[in-house]
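To keep things clear, I will list the structure first and then write my remarks on it.
So you know, we letter chains A, B, ... as the sequences are listed, proteins then strands, and number each from 1.
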Number of protein chains: 2
Amino acid sequence: MNYEKYSIGQLAKKTACKVETVHYYEKIGLMPEPPRTDGGHRVYALPHVKRLNFIRRSRALGFRIEQIKELLKFIDEPNHYCGEVKAMAMQQASVVQEKIDDLQRLQSALNEMIIQCSSGNKQVDDCPIIDALYTEKVVGQ
Amino acid sequence: MNYEKYSIGQLAKKTACKVETVHYYEKIGLMPEPPRTDGGHRVYALPHVKRLNFIRRSRALGFRIEQIKELLKFIDEPNHYCGEVKAMAMQQASVVQEKIDDLQRLQSALNEMIIQCSSGNKQVDDCPIIDALYTEKVVGQ
DNA sequence: ATAGAACCTATAGTTACTATAGGTTCAAGG
DNA sequence: CCTTGAACCTATAGTAACTATAGGTTCTAT
């Protein structure tokens, strides 16, 4: 296997990731320690690019680091089934949906307060937004 | 003004907040240093309750600590206008809306992957979710 | 007086990065 | 070959908003 070689900076650029983040992922075990030059510089290749892209895409989908470790274990080790991956994805979809619902409730509360503030030239003492935050039970709490 | 007196634990309970968080808010200047007993225990009263409720509600709405400092400054200092509060609330609503949009894109991407995984008993090697994370450009990245 | 709960301050940990500091390596140009 | 500046290295600290822990003191009820 003769792959093209990449420095960490090149790997980071290919994956829209920071060098420090690659260091971090290696430290926490998401990325393997790569071979080095005689001078100690890391040397990466295509499989590293693919693995880091996998990690970044999973992060983008909101999977936590620990979950990504699980997903990578499914890949790295034999005898795992697509069903296990699907279950994780479905669980994640459920988490995302809950966040969306939460945020939509917050949005409603904010919009309600904004509507009440028809004029912006009242003193803060008479501000319905401030009143709401000080006294009323705000949806989303 | 003779208010009822509360310990920090009582304050925390009234505001659905942790004692440590109250300490934290005092440290960062959101909450004032209250009077103490001779033994050094903090003594709170109703205005503290109201202020902490304000802070918690604002947090619940997604305002950052720095923003809440601004809001509290509007209250603590004279010569501010409701319009300034409204602007902050509208900016916050905009931020929340953007988060909602992001999350909905993530949700679509997750659901798309889940749909592709019709059967859960394939080996991981053939898993369309893993494939998608490894090779395709996932929406939301 | 005793015991246990609640309080205190100080510090570290959580999550997922990100920044900084001080030093080394590498590559390009003269 | 030498120089220079970019990129690399490791180690540590910082970010945001809390939260946990440790060791000691105060308070209250019995």
Side-chain angles (χ1 to χ4, degrees), chain A residues 5-45 48 52 54-72 92 95-96 99 102 106 140-141, chain B residues 5-45 48 52 54-72 92 95-96 99 102 106 140-141:
Chain A
K5 305 280 172 64
Y6 304 117
S7 70
I8 192 168
Q10 288 166 328
L11 175 70
K13 184 169 289 186
K14 282 182 169 312
T15 54
C17 183
K18 307 205 82 171
V19 166
E20 293 97 336
T21 308
V22 181
H23 283 171
Y24 172 65
Y25 287 159
E26 180 184 310
K27 182 178 177 182
I28 61 174
L30 282 192
M31 285 291 284
E33 292 201 29
R36 305 275 186 128
T37 62
D38 289 341
H41 286 199
R42 293 169 173 80
V43 180
Y44 293 101
H48 295 109
L52 187 52
F54 180 95
I55 293 163
R56 299 305 289 167
R57 290 187 187 114
S58 302
R59 284 293 303 129
L61 288 174
F63 286 104
R64 293 170 149 255
I65 298 283
E66 278 305 311
Q67 287 174 304
I68 298 170
K69 281 182 182 175
E70 289 287 324
L71 288 172
L72 288 170
Q92 181 62 16
V95 168
V96 171
K99 279 185 194 161
D102 282 349
L106 294 197
Q141 182 174 8
Chain B
K5 305 279 174 64
Y6 304 117
S7 69
I8 193 169
Q10 289 167 327
L11 176 70
K13 185 170 288 186
K14 283 182 168 309
T15 53
C17 183
K18 307 205 85 172
V19 167
E20 293 97 334
T21 308
V22 181
H23 284 172
Y24 172 66
Y25 288 159
E26 179 184 312
K27 181 177 177 183
I28 63 175
L30 282 192
M31 283 293 282
E33 292 201 28
R36 306 274 184 128
T37 63
D38 289 342
H41 286 200
R42 292 169 173 81
V43 181
Y44 293 100
H48 296 110
L52 187 52
F54 180 95
I55 292 163
R56 299 305 288 166
R57 290 186 190 116
S58 303
R59 286 293 303 129
L61 287 175
F63 286 103
R64 292 169 150 256
I65 299 284
E66 279 305 312
Q67 288 173 304
I68 298 170
K69 283 181 180 173
E70 287 288 322
L71 288 172
L72 288 169
Q92 181 61 18
V95 168
V96 171
K99 278 185 198 162
D102 282 349
L106 295 197
Q141 182 174 11

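Closest of all the heavy-atom pairs between B/A12 and B/K18 is CB-C, 4.0 Å. Nearest approach of A/I55 to A/Y25, heavy atoms of both residues: CG2-CE1, 3.7 Å. A/Y6 and A/L11 make their closest contact through CB-N, 4.4 Å (heavy atoms, listed as atom of the first residue, atom of the second, distance). When all heavy atoms of A/V96 and A/L61 are compared, the pair lying nearest together is CG2-O, 4.4 Å. Across all their heavy atoms, B/E26 and B/P34 have their closest contact at OE1-CD, 3.5 Å.
In this structure, A/R59 contributes its side chain and A/F63 its backbone to a donor-acceptor pair below 3.5 Å. Distance alone, capped at 3.5 Å, is enough to place a donor-acceptor pair between the B/S58 side chain and the B/F54 backbone.
Rounded to 10 degrees, the angle between the two end axes of the helix from C/dA1-D/dT30 to C/dG30-D/dC1 is 10°, with five pairs used at each end.
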Nucleotide-resolved protein contact map, nucleotides 4-17 of chain D, B/S/- at heavy-atom distance under 4.0 Å:
----SSB-----SB
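In this structure, a donor-acceptor pair under 3.5 Å is present between the side chains of B/H23 and B/R42.
Put simply, B/T37 has a side-chain N or O that comes within less than 4.0 Å of OP1 or OP2 on D/dC27.
Remark: P of C/dT15 and CD1 of A/I28 are 11 Å apart, rounded to the nearest angstrom.
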